[in-house]
Each structure stands twice: as C-alpha cells, then as structure tokens.
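Okay, structure first, notes after.
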Number of protein chains: 2
Amino acid sequence: METTKKNKENKTRYALLGLLLEGKATGYELKKKMDSSLVYFWSESFGQIYPTLKQMEEEGLVQAEEQPVGDKIRYPYSITNKGRQVLREWLAIPPAAEIIRNELLLKLFFAQPQDKDTVLAHLSQQRLQNQSLQRTFEQLAETLQVSQQAGWIFRSLTLEYGLRAVRAELEWLTYAEREIAKLTMAR
Amino acid sequence: METTKKNKENKTRYALLGLLLEGKATGYELKKKMDSSLVYFWSESFGQIYPTLKQMEEEGLVQAEEQPVGDKIRYPYSITNKGRQVLREWLAIPPAAEIIRNELLLKLFFAQPQDKDTVLAHLSQQRLQNQSLQRTFEQLAETLQVSQQAGWIFRSLTLEYGLRAVRAELEWLTYAEREIAKLTMAR
DNA sequence: TGACGATATATCTTCTTGATATATCTTTGA
DNA sequence: TCAAAGATATATCAAGAAGATATATCGTCA
C-alpha cells in the first residue's frame, strides 16, 4: 500500500472543531464536553487543547474572544466558516485504521499456566469496569432518546457501537473465565 | 481516585521482554514477531524498539550479543533473569484502562444528515477491513489449534477476543447501514 | 551484473499523555 | 463572616509513541 500522504496529521483539531459546531466555548469547556460525550472513543488533554486552539486561530479556523469575568479573562472560541469547511473536508476522508493498545490482552498473551490467579483477577476487574460502562451507556441512551434533533441518528449509532462493544466484551469475559476454570479441573 | 504512581510508564519494554521469552532476537526480528502476532492489540515502531532495547541493556534486563554476519554485525538480545522478574511483576499489576481513539466514530458523531453518503462509504470500507481481519483471525486460529504448548490457552483467548470483536463490529455495521437506509426512506 | 526486496540499525519530527503550576471564582460549613 | 474545599481556567513541561526517513548490506532472481 504505497501511500504518500502524511498519516501523522493532528486530529485534535477536528475533534475541537466538531465540538465548536455546537457553539462557542473555552478550552476548559471543550475538555468538559469531550469528557461527557466523546471520551468513550476519543479524548484529548489540556496539553493538546490549548496549543491547538491557538494554532487554529492563527490559521483562521476559529476565532477567540476576550471575555472579562470579574478579575479574570475567559477566551471563548467560535468556529469560522473556514473552520467549518476544513472540518467538512476531513469528514469526507476515509478514516485511518485505528491503532489499538490493549494492556489486558498483552498481559494475557504473555501469561503462563502459573499466572492463572493473576489473570482471573485481571478479568474480574475488567468485568466490573465494563459493567459500570454499560450502565453509563444505558443512561446516555435514555437521554439521547429525548432530544431527537438533526444528526441524532449518527450520535445514537456511536452509542449503539459502545453498547455492543461492551456487551461483546462481557460475553468474552464469561467465556474466558470458563475456559480457565476448565484448565484448573484438568490438572 | 488518589493515585500517586506514575501512569506514564514505558510499556514498550514489557512487550519486548515478553517476546524475548521465546528466545533471542534482534530489534528487527522483534518488530517482525510483533507484527505477526500482537499487532491486533499491540504495536511498536522502530523508533521505540531500538532505544528501549539499549536502555534495558543498561538496566540489565536484556543482554546484547555481537554477532558478525559477513560485513555487518547483528545485535541479538536475550532476556536476563532480572528481565524475567521485571516482566513477571508487571504481569501482576492490574491493567490500566485503555484509551481508545476511533476515527470512524468521531466522524460519525459530527456527521449531519447531508453527510449520509460519506458515512455510508466509510461504513462500507470498514466492513471490508473487518472481513479481511476476520479471515486473518480464522487462519491464526487454525494454526494455533495445532501447537498446544504451555500458555496456549491464554493466547487462544486473545485470539477469541479478536474474533468476537470483529464479529460484533460487523453486526453493528449491518445495523448502522440499515438505520441510515431507514432515514433515507423517511424523507 | 543489476535490480529489487528483505534485513538491520538508527535518528528526527510531530503528536500525545500525564503531571504539575498558578490563580481566580463559587460554594459550603464552622 | 471567614476559611476551606472544590470547580473554573489557562498554561507548560517531560516522557512516551508514531511515522517518516536515511543508510547500508544481504540474498535472489532474471
């Protein structure tokens, strides 16, 4: 696959531009929005957000505003038409294959028979995390049902993805625990 | 959750140590091994592998050997007892929650009704990628069935995870395409 | 013999994460 | 009413990771 294009492109900007479609917000507010809606498949740190916003302002993709609040100044950003266009163009590009780093699977892969109990503990922790995530998704689904505006369908599809992924992982956990139990019986 | 421990720990080393359990190998060979077995849930670049190997040698976790081959010198590394111990200790630590970055879902999340065709194209590409991955996993499963040595069960569980994840994603793709088709009917 | 692809080591830049610093604002309880 | 705690807000740094690229040798096929 001889690709010349740089796959190293900063994607933080698109996440921020997308969030700014909903209205102006400060870097801090953008981070909060992200953590309440996108975290399950996308996250950014302040170390990425603030510099990216500044850079995008230089490029004319967003516009900052100085808003004095008491003794301090907030900098709410809003998306420009150029920003909207850049986001639209990016949306049309086929998404790059994700790179996954799953620490649980890595530990499992290197485990030996004597690590059985360790592995079972890891699986059990994973189950708890997934169950909690499942509840979060179910609550989000209820909230989403209420507000059926434009683009609603696509957002609900991302949520459905999360729900199915969690369910599949829980089923795998059950399978894995059972297989490891069998192992114990045999010896 | 007041955690003092640095979550910023280099994990490349553990992947390399794990691979070195199977026998000595050069950085290049380690990369190849990784790409043929772990890629589906873990990957590393040369930019990580070579410096990490050097660093681990200084710490006494691996041992380099100078092996002249014709005009050039290979540097096969082998794991030391200290390395084995460090790996074992890491295996016992509960895995950190993965951070996911799914570009497809991000694009979906920001999509508007007019992006319908773009989204369908992305989904269709995703389906092809998943189908190809599914075939790879099925072939790997057959290979794995043959060699049932120690630790075989854990490796087969990681493969089973992959198979189930791919299957779940394919089912979601079908669901998503159907939902978007409904949308078209309605207007 | 030359071309090509695989082997092998290495470095650089950019991107990303997590930790930390600083300061103000808001809320809550003593 | 004062202090403490916690939320808001901006920012920077170090370490880690990804991707691109450079260099050179080896084996093999035409």
Side-chain angles (χ1 to χ4, degrees), chain A residues 1-16 24-36 38-39 42-57 64-77 96-103 106, chain B residues 1-16 24-36 38-39 42-57 64-77 96-103 106:
Chain A
M1 222 185 284
E2 229 266 277
T3 326
T4 324
K5 70 185 84 151
K6 304 206 177 191
N7 204 4
K8 201 60 187 297
E9 213 197 350
N10 182 351
K11 284 160 194 167
T12 300
R13 54 192 333 167
Y14 303 114
L16 295 176
K24 70 174 92 165
T26 65
Y28 188 82
E29 286 168 338
L30 287 168
K31 168 77 168 150
K32 263 204 312 181
K33 278 196 185 194
M34 189 131 37
D35 286 349
S36 69
L38 303 181
V39 230
W42 203 270
S43 72
E44 299 287 353
S45 66
F46 286 123
Q48 286 282 104
I49 292 173
Y50 286 111
T52 303
L53 282 171
K54 273 191 181 169
Q55 197 198 320
M56 287 201 292
E57 195 190 8
E65 190 183 315
E66 281 195 24
Q67 194 183 85
V69 176
D71 269 9
K72 62 181 196 180
I73 304 168
R74 283 162 38 97
Y75 298 94
Y77 288 85
E98 320 126 57
I99 24 106
I100 309 154
R101 274 195 147 194
N102 190 320
E103 206 179 316
L106 188 63
Chain B
M1 223 185 283
E2 229 266 278
T3 327
T4 324
K5 69 187 87 151
K6 304 206 177 189
N7 204 3
K8 202 63 188 298
E9 214 197 351
N10 181 351
K11 285 162 193 167
T12 300
R13 53 193 331 164
Y14 304 114
L16 295 176
K24 71 174 90 168
T26 66
Y28 187 83
E29 287 168 337
L30 287 168
K31 168 79 168 150
K32 264 203 315 179
K33 276 194 186 195
M34 189 132 36
D35 286 349
S36 69
L38 303 180
V39 230
W42 203 270
S43 70
E44 300 287 351
S45 67
F46 287 124
Q48 287 282 106
I49 293 173
Y50 285 112
T52 302
L53 283 172
K54 272 190 183 170
Q55 198 197 320
M56 287 201 292
E57 195 190 8
E65 189 183 317
E66 281 195 25
Q67 192 183 85
V69 177
D71 270 9
K72 64 181 195 182
I73 303 168
R74 284 161 38 97
Y75 298 95
Y77 288 85
E98 320 126 57
I99 23 105
I100 309 154
R101 276 195 145 193
N102 190 320
E103 205 178 318
L106 188 64

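Note on naming: letters A, B, ... go to the chains in the order of the sequence lines (proteins, then strands), and numbering restarts at 1 for each one.
- A/Gly27 and A/Leu53 get closest at one heavy-atom pair: CA-CD1, 3.7 Å.
- Contact between the side-chain N/O atoms of B/Thr12 and the OP1/OP2 oxygens of D/dA17 is found at a separation under 4.0 Å.
- By the side chain to side chain donor-acceptor pair (under 3.5 Å) test, B/Thr52 is found to be paired with no residue, residues two or more places apart in sequence or in another chain being considered.
- Rounding to the nearest 0.5 Å places OH of A/Tyr28 at 11.5 Å from CZ of A/Arg74.
- Each of B/Pro76 and B/Ile99 has a nearest nucleotide on DNA chain C; the 5'-most of these lies closest to B/Pro76.
- The interatomic distance linking A/Glu103 (CD) with D/dA17 (C1') rounds to 15 Å, in whole Å.
- Considering all non-hydrogen atoms of both residues, B/Gln48 and B/Pro51 come closest at O-CD, 3.5 Å.
- Listed by residue number, B/Ser45, B/Gly47, B/Gln48 are the residues of residues 45-54 of chain B with a heavy-atom contact under 4.0 Å to DNA chain D.
- At least one side-chain nitrogen or oxygen of B/Lys32 sits closer than 4.0 Å to the OP1 or OP2 atom of C/dT7.
- Rounded to whole Å, the distance from OH on A/Tyr28 to C1' on C/dT24 is 12 Å.
- We find that CE of A/Met56 is positioned 15 Å from C1' of C/dC15, with the value rounded to whole Å.
- Atoms CD1 and CH2, on A/Ile99 and B/Trp42 in that order, are 11.0 Å from each other to the nearest 0.5 Å.
- B/Tyr75 has its side chain out of reach of B/Gln67: every pair of non-hydrogen atoms, C-beta onward, lies at least 4.5 Å apart.
- In terms of modelled atom types and a separation under 3.5 Å, the side chain of A/Lys31 and the main chain of A/Ser45 share no donor-acceptor contact.
- Residue B/Thr26 has no polar side-chain atom (N or O) positioned under 4.0 Å from OP1 or OP2 of C/dT7.
- Between B/Tyr77 atom OH and C/dA10 atom C1' the separation is 11 Å, expressed in whole Å.
- Using a 4.0 Å cut-off, no side-chain N or O of A/Arg13 falls inside it from OP1 or OP2 of C/dC15.
- A sub-4.0 Å separation between OP1 or OP2 of C/dT16 and a side-chain N or O of A/Asn10 is present.
- Separating the CD1 atom in A/Ile100 from the CG atom in B/Asn102 is a distance of 9.0 Å, to the nearest 0.5 Å.
- Between B/Tyr77 and B/Met56, the closest side-chain pair of non-hydrogen atoms is not below 4.5 Å.
- Between the CD atom of B/Gln55 and the C1' atom of C/dA10 there is a distance of 16 Å, rounded to whole Å.
- The distance between atom CD of A/Glu57 and atom C1' of D/dA11, rounded to the nearest whole Å, is 16 Å.
- To the nearest angstrom, C1' of C/dA10 lies 15 Å from CD1 of B/Ile73.
- The phosphate of D/dA17 has OP1 or OP2 within less than 4.0 Å of a side-chain N or O from A/Arg101.
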Could you list the protein-to-nucleotides 23-26 of chain D atom pairs, N/O on both sides, closer than 3.5 Å?
residue: D/dC26; atom: OP1; partner: B/Asp71; partner atom: N; Å: 2.5

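- Atom CE in A/Met34 sits roughly 15 Å away from atom C1' in D/dA9 (whole-Å rounding).
- Between B/Glu44 and A/Arg101, at least one side-chain nitrogen of the basic residue sits less than 4.0 Å from a carboxylate oxygen of the acidic one, meeting the salt-bridge criterion.
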